Amino acid sequence: MKIGIPRAFYYHFYPGLWECFFRRLGCEPLVSSRSTQKTLEAAAHRTESENCLPQKLFDGHALSLMESVDALFVPRIHSIVKAHNCCPRFGALLDATRAGIARGMPLVSIDINETAMPLSKTLFRLARQTFGVRRKTAHLAVKEAFSVMHRQLAGEATRQQKNCGQPKLLILGHPYTLHDHFIGEPVISKLKQLQIPLERMTFEDDNIVPGDILWCVFNKMYRKLQRTDTRACAGVIQISTFNCGADSMMTERFRRICRHKGLPYMLLMVDEHTGKTGLDTRLEAFADSLSWRQTEMAK
Amino acid sequence: MTERLAIPNLGNYTVALAAMTRAMGAEPWWSTYTNDHAMALGLAAAPESLCLPFKAHLGHFIEADDAGVENALMVNSIGSCRLNYYREMIAETLKDMGRKIRVFGLGFDGFKPPVIRYFDPPRIFFLRTIAMALEKVWTIDAIELQTAYTRAREVNTGETSLLMEQCLRELSEINTKKAVKQFHKEVYQRFARIAIDKTRNPLRIGLIGEVSLLRDRQLNQNMEQILGHRGVAIKNFFLLGGEIGNNFGFSLGNKKNTARHLARVAKPYLESEVGGHARDSVAHTINCAQAGFDAMVHLCPAGCMPEVSIRPILRKISEDMHIPILQLSFDEHTSILGVVTRVEAFLDILWTRRRKDLRDFGGRRVK
């Protein structure tokens with residue numbers, strides 16, 4: 001059985017996990033190719049016009065898989081960290097996909113709700129009940145999938161924390177915007193081209209203190225910003241996407257923290273029409289002002 | 001002089017909320033809709049991509065601060081919607097602007113909400129006034145329902161709206177529970193006195209969507225009146241009386257409206273909680289389709305997280321159960337003319353549809 005996994009939302013929350021898990025169950029996982037302008041254009045006619053950019057990309061990815069797979073994997077996500085919740089969009093993701101773009105397509109689904117049940121147990125149940133594999137196989141599949149994911153996340157984290165002796169630029173965003181080839185990659189590759197040392201936000205640490213921010217991703221970003229040492233951080237770039245409700249709420253708060261700490265902060269809003277030139281200009285200007293600031297401070 | 005407390009708008013129900021504020025020994029600052037001036041203030045101060053109700057509430061509180069009101073009260077929920085953070089966001093924005101107004105939260109802040117601790121009303125007076133305010137809520141429910149019925153059938157257009165205003169004004173001045181009860185009975189008689197055309201068979205349309213949009217007539221461009229004056233009997237699915245019952249897990253007469261029942265109804269299309277009133281919107285659409293409603297109108301602020309994400313589901317229900325749904329989203333640039341044009345076109349289609357009797361769905365037929 002061929003299972004399609006859209007390279008969007010949950011693919012980036014749990015890197016490597018889904019492919020490994022489904023392969024171990026004897027299925028053939030197929031991950032959609034990286035997002036491009038084409039992905040978006042394909043979705044544009046079918047998706048809800050008021051959706052946020054990542055949701056449109058998700059729809060595009062799902063559409064690109066429809067022809068070539070037997071079933072699509074779309075979970076319903078309530079919380080990915082215990083005692084926290086996610087964007088309300090994820091609660092309706094499965095039902096909206098079923099009623100919308102993937103109409104008539106068989107869907108493989110689970111409820112990701114860490115508050116009620118850990119993901120490993122949910123996956124174990126999926127393997128036993130939907131795929132009917134033996135207890136031992138299911139157990140091994142879950143175990144190996146998680147170890148693959150943890151290795152990837154840990155690798156990413158150590159790569160980010162490598163010290164280069166210079167203050168780094170912190171890039172904030174959701175896992176699915178930072179790692180997306182349409183949203184986050186252009187920003188990161190441009191910064192690399194400008195030879196600016198940067199640190200991409202990582203989300204491997206699940207031991208977060210429940211605070212007043214219930215959205216887990218934002219709670220992690222918030223803690224990260226609060227802990228950031230102003231001497232080791234040159235500035236913050238927040239990648240936000242058009243019509244993201246959660247971002248509209250939280251970026252103001254992050255801006256406030258940065259102002260308080262004296263960190264330069266830039267909000268980059270990415271939408272479907274983002275031209276490369278505009279992005280380049282803004283990043284170059286920000287890089288320039290950062291370097292001036294550093295020379296001023298060094299004096 | 002007693003301190004004043006600015007309370008958020010909840011349409012006509014603000015009359016009852018104002019009474020509750022008095023129970024705490026504070027003088028309420030309120031209005032049943034966000035006025036243009038408050039809206040302009042809110043738009044100038046709020047981040048651009050936040051939703052319309054946030055801007056309206058912020059503007060309302062800024063206006064209150066300008067008038068020298070010391071305190072404000074903002075609802076907060078525990079769902080996954082943005083509303084969760086609105087109180088804090090409003091408090092911080094006001095603080096950044098250098099304003100003195102204190103913003104209290106309501107509800108899930110603990111057993112005794114800080115706002116009650118702050119004003120510390122005498123217990124018996126408090127309970128008695130709350131009971132009176134609840135009585136007002138039921139009365140407003142009655143006024144709303146009567147208005148919706150009469151407005152679609154009135155002979156002289158506009159009469160019902162005037163009477164509704166009149167009733168609310170009088171209700172806001174009543175101070176005892178007994179008098180409110182008396183007034184509740186009177187409401188029915190007063191509405192019965194309006195001349196109606198009983199032969200008329202108005203279209204039946206359900207209004208669903210986000211609460212502020214359903215209730216604040218500035219935000220929804222007075223949708224109820226637009227529809228009512230064009231001969232449509234509307235059913236607005238946000239009635240505070242019913243809502244209070246739902247939130248505390250008991251039903252007030254209407255068992256079909258409890259959150260649990262609605263969840264069961266919505267299950268074939270939406271299995272999980274989304275936040276806001278999204279699941280209720282789905283359930284009400286299914287219920288209305290089965291009850292033979294002519295159409296639904298779905299109102300949401302542009303970019304509303306829960307309501308936008310269920311739109312594909314509503315469209316599917318519309319196709320499966322043959323109930324047309326007009327999905328409107330509102331932001332600060334929405335003009336009443338645009339809305340009226342869309343609504344009129346929609347109503348034309350509905351009338352044509354009724355004449356041709358295209359409804360092959362086996363629900364109750366309107367005669």
Side-chain angles (χ1 to χ4, degrees), chain A residues 46-52 55 58-59 75-79 84-104 109 111-113 116 211-216 218 240-253 255-257 259-260 267 269 271, chain B residues 45-51 54 76-90 92-93 95-96 105 109 266-279 281-282 300-320 327-329 331:
Chain A
R46 302 284 300 278
T47 186
E48 193 57 53
S49 59
E50 257 179 63
N51 275 340
C52 62
Q55 168 84 50
F58 171 85
D59 289 353
R76 188 183 282 129
I77 310 173
H78 297 286
S79 71
H84 286 72
N85 58 22
C86 290
C87 168
R89 195 169 284 286
F90 295 143
L93 186 65
L94 170 65
D95 298 287
T97 312
R98 186 185 286 141
I101 41 152
R103 217 177 262 197
S109 158
D111 272 22
I112 302 180
N113 189 351
D212 52 343
I213 305 183
L214 280 174
W215 287 321
C216 57
F218 285 101
S240 170
T241 49
F242 180 67
N243 229 352
C244 172
D247 275 356
S248 68
M249 197 78 237
M250 289 299 164
T251 48
E252 278 305 303
R253 187 181 276 209
R255 191 195 293 277
R256 217 165 265 140
I257 300 175
R259 199 194 302 146
H260 191 68
L267 177 68
M269 181 77 85
D271 69 5
Chain B
E48 45 154 10
S49 47
L50 279 170
C51 70
F54 177 86
N76 46 353
S77 74
I78 48 166
S80 52
C81 173
R82 279 184 275 192
L83 180 63
N84 219 339
Y85 309 98
Y86 275 8
R87 185 191 72 80
E88 246 165 288
M89 183 86 182
I90 286 180
E92 277 175 13
T93 314
K95 209 169 129 197
D96 279 3
D109 273 3
K267 203 168 181 204
Y269 288 94
L270 179 63
E271 274 185 43
S272 67
E273 179 58 81
V274 181
H277 281 71
R279 180 147 70 170
S281 297
V282 171
C300 70
C304 175
M305 300 166 85
E307 300 289 343
V308 168
S309 59
I310 59 153
R311 277 183 171 184
I313 302 174
L314 291 180
R315 204 167 299 138
K316 180 88 180 352
I317 298 174
S318 165
E319 285 171 30
D320 288 357
Q327 297 178 332
L328 293 174
S329 65
D331 67 4

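Remember, it's a predicted structure, so these values are computed and weren't measured experimentally. Each chain gets a letter, A, B and so on, in the order the sequences are listed, and its residues count up from 1.
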Engineer: Under a 4.5 Å cutoff for heavy-atom pairs, which residue among A:Glu252, A:Met250, A:Arg76 has the most contacts with chain B?
Structural biologist: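 Heavy-atom pair counts peak at A:Arg76.
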Engineer: Mind checking side chain to side chain contact (heavy atoms under 4.5 Å, CB included) for A:Cys86 and listing every partner two or more places apart, or none if nothing turns up?
Structural biologist: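 Here the qualifying residues are A:Ile77, A:Ile80, A:Phe90.
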Engineer: A:Ala92 and B:Ile310: which non-hydrogen atoms are nearest, and at how many Å?
Structural biologist: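 In terms of heavy atoms, the two residues are closest at CB-CG2, 4.4 Å.
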Engineer: Between B:Pro306, B:Ser329, B:Ala278, B:Cys51, who has the most heavy-atom pairs with chain A when the cutoff is under 4.5 Å?
Structural biologist: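 It is B:Ser329.
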Engineer: Atom CG in A:Leu94, atom CD in B:Glu271: separation rounded to 0.5 Å?
Structural biologist: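 That separation rounds to 7.5 Å.
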Engineer: Write down the atom of B:Arg82, the atom of A:Gly245, and the distance for their closest heavy-atom approach.
Structural biologist: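 Nearest heavy atoms, B:Arg82 then A:Gly245: CD-O, 3.2 Å.
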Engineer: In a check of side-chain contact (heavy atoms from CB on, under 4.5 Å) between B:Ser309 and each of A:Arg89, A:Glu50, A:Glu48, which one passes?
Structural biologist: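 So the option named by the test is A:Arg89.
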Engineer: Just give me the residue among B:Arg279, B:Glu273, B:Gln327, B:Met89 that pairs up with chain A most often, heavy atom to heavy atom, under 4.5 Å.
Structural biologist: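 Among the listed options, the one with the most contacts to chain A is B:Met89.
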Engineer: Counting N and O atoms only, with roles assigned by atom type, does the side chain of B:Ser272 sit under 3.5 Å from a partner on the main chain of A:Gly91, one being a donor and the other an acceptor?
Structural biologist: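 Such a contact is found between B:Ser272 side chain and A:Gly91 backbone.
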Engineer: Where does A:His84 contact chain B at under 4.5 Å (heavy atoms): side chain, backbone, both or neither?
Structural biologist: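 Contact with chain B involves no heavy atom of A:His84 at all.
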Engineer: To the nearest 0.5 Å, how far apart are CE in A:Met269 and CD in B:Glu48?
Structural biologist: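 One finds 5.5 Å between CE of A:Met269 and CD of B:Glu48.
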Engineer: So for A:Arg46, is it side chain, backbone, both, or neither that comes closer than 4.5 Å to the heavy atoms of chain B?
Structural biologist: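 For A:Arg46, no heavy atom lies under 4.5 Å from chain B.
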Engineer: Supply the atom-to-atom distance A:Arg253 CZ to B:Glu88 CD, rounded to the nearest 0.5 angstrom.
Structural biologist: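 One finds 4.5 Å between CZ of A:Arg253 and CD of B:Glu88.
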Engineer: Go through the structure and list residues passing side chain to side chain contact (heavy atoms under 4.5 Å, CB included) with A:Ala246, not counting sequence neighbours.
Structural biologist: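 Residues passing side chain to side chain contact (heavy atoms under 4.5 Å, CB included) with A:Ala246: A:Trp215, A:Phe218, A:Cys244, B:Met305.
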Engineer: For B:Tyr269, does the OH atom have more than 12 heavy-atom neighbours from other residues, nucleotides or ligands under 6.0 Å away?
Structural biologist: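 Yes, enclosed.
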Engineer: Which answer fits A:Ile101, side chain, backbone, both or neither, if we ask what part of it has an atom under 4.5 Å from a heavy atom of chain B?
Structural biologist: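 For A:Ile101, there is no contact with chain B at all, as no heavy atom is under 4.5 Å.
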Engineer: Given a strict heavy-atom distance threshold of 4.5 Å, which part of A:Asn51 is in contact with chain B: side chain, backbone, both, or neither?
Structural biologist: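 For A:Asn51, heavy atoms of backbone and side chain both lie under 4.5 Å from chain B.
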Engineer: Let's go through B:Asp96 and A:Arg256 carefully: what are the C-alpha distance in whole Å and the side-chain angles of both, what is the deciding distance for side-chain contact (heavy atoms from CB on, under 4.5 Å) to 0.1 Å, and is it a yes or a no?
Structural biologist: CA-CA 10 Å; B:Asp96 279 3; A:Arg256 217 165 265 140; 2.9 Å; yes
Engineer: What residue, out of A:Gln55, A:Arg98, A:Arg103, A:His78, has the most heavy-atom pairs lying under 4.5 Å from chain B?
Structural biologist: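 Among A:Gln55, A:Arg98, A:Arg103, A:His78, the one with the most close pairs to chain B is A:Arg103.
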Engineer: Which distance, rounded to the nearest 0.5 Å, do you find between the CG of A:Asp95 and the NZ of B:Lys316?
Structural biologist: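 The distance works out to 11.0 Å.
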Engineer: Closest approach of A:Pro88 and B:Cys81, non-hydrogen atoms and distance?
Structural biologist: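 Where A:Pro88 meets B:Cys81 most closely, the heavy atoms are CG-CA, 4.3 Å.
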Engineer: Please look at B:Pro301 and chain A and tell me whether the side chain, the backbone, both or neither of the residue comes under 4.5 angstrom of a heavy atom of that chain.
Structural biologist: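 B:Pro301 touches chain A through backbone heavy atoms alone.
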Engineer: Output the distance between atom OH (B:Tyr85) and atom CG (A:Leu214), rounded to the nearest 0.5 Å.
Structural biologist: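 Atom-to-atom, B:Tyr85:OH and A:Leu214:CG are 4.5 Å apart.
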Engineer: For B:Lys267, is the NZ atom crowded, meaning more than 12 foreign heavy atoms sit under 6.0 Å from it?
Structural biologist: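 Result for NZ/B:Lys267: open.
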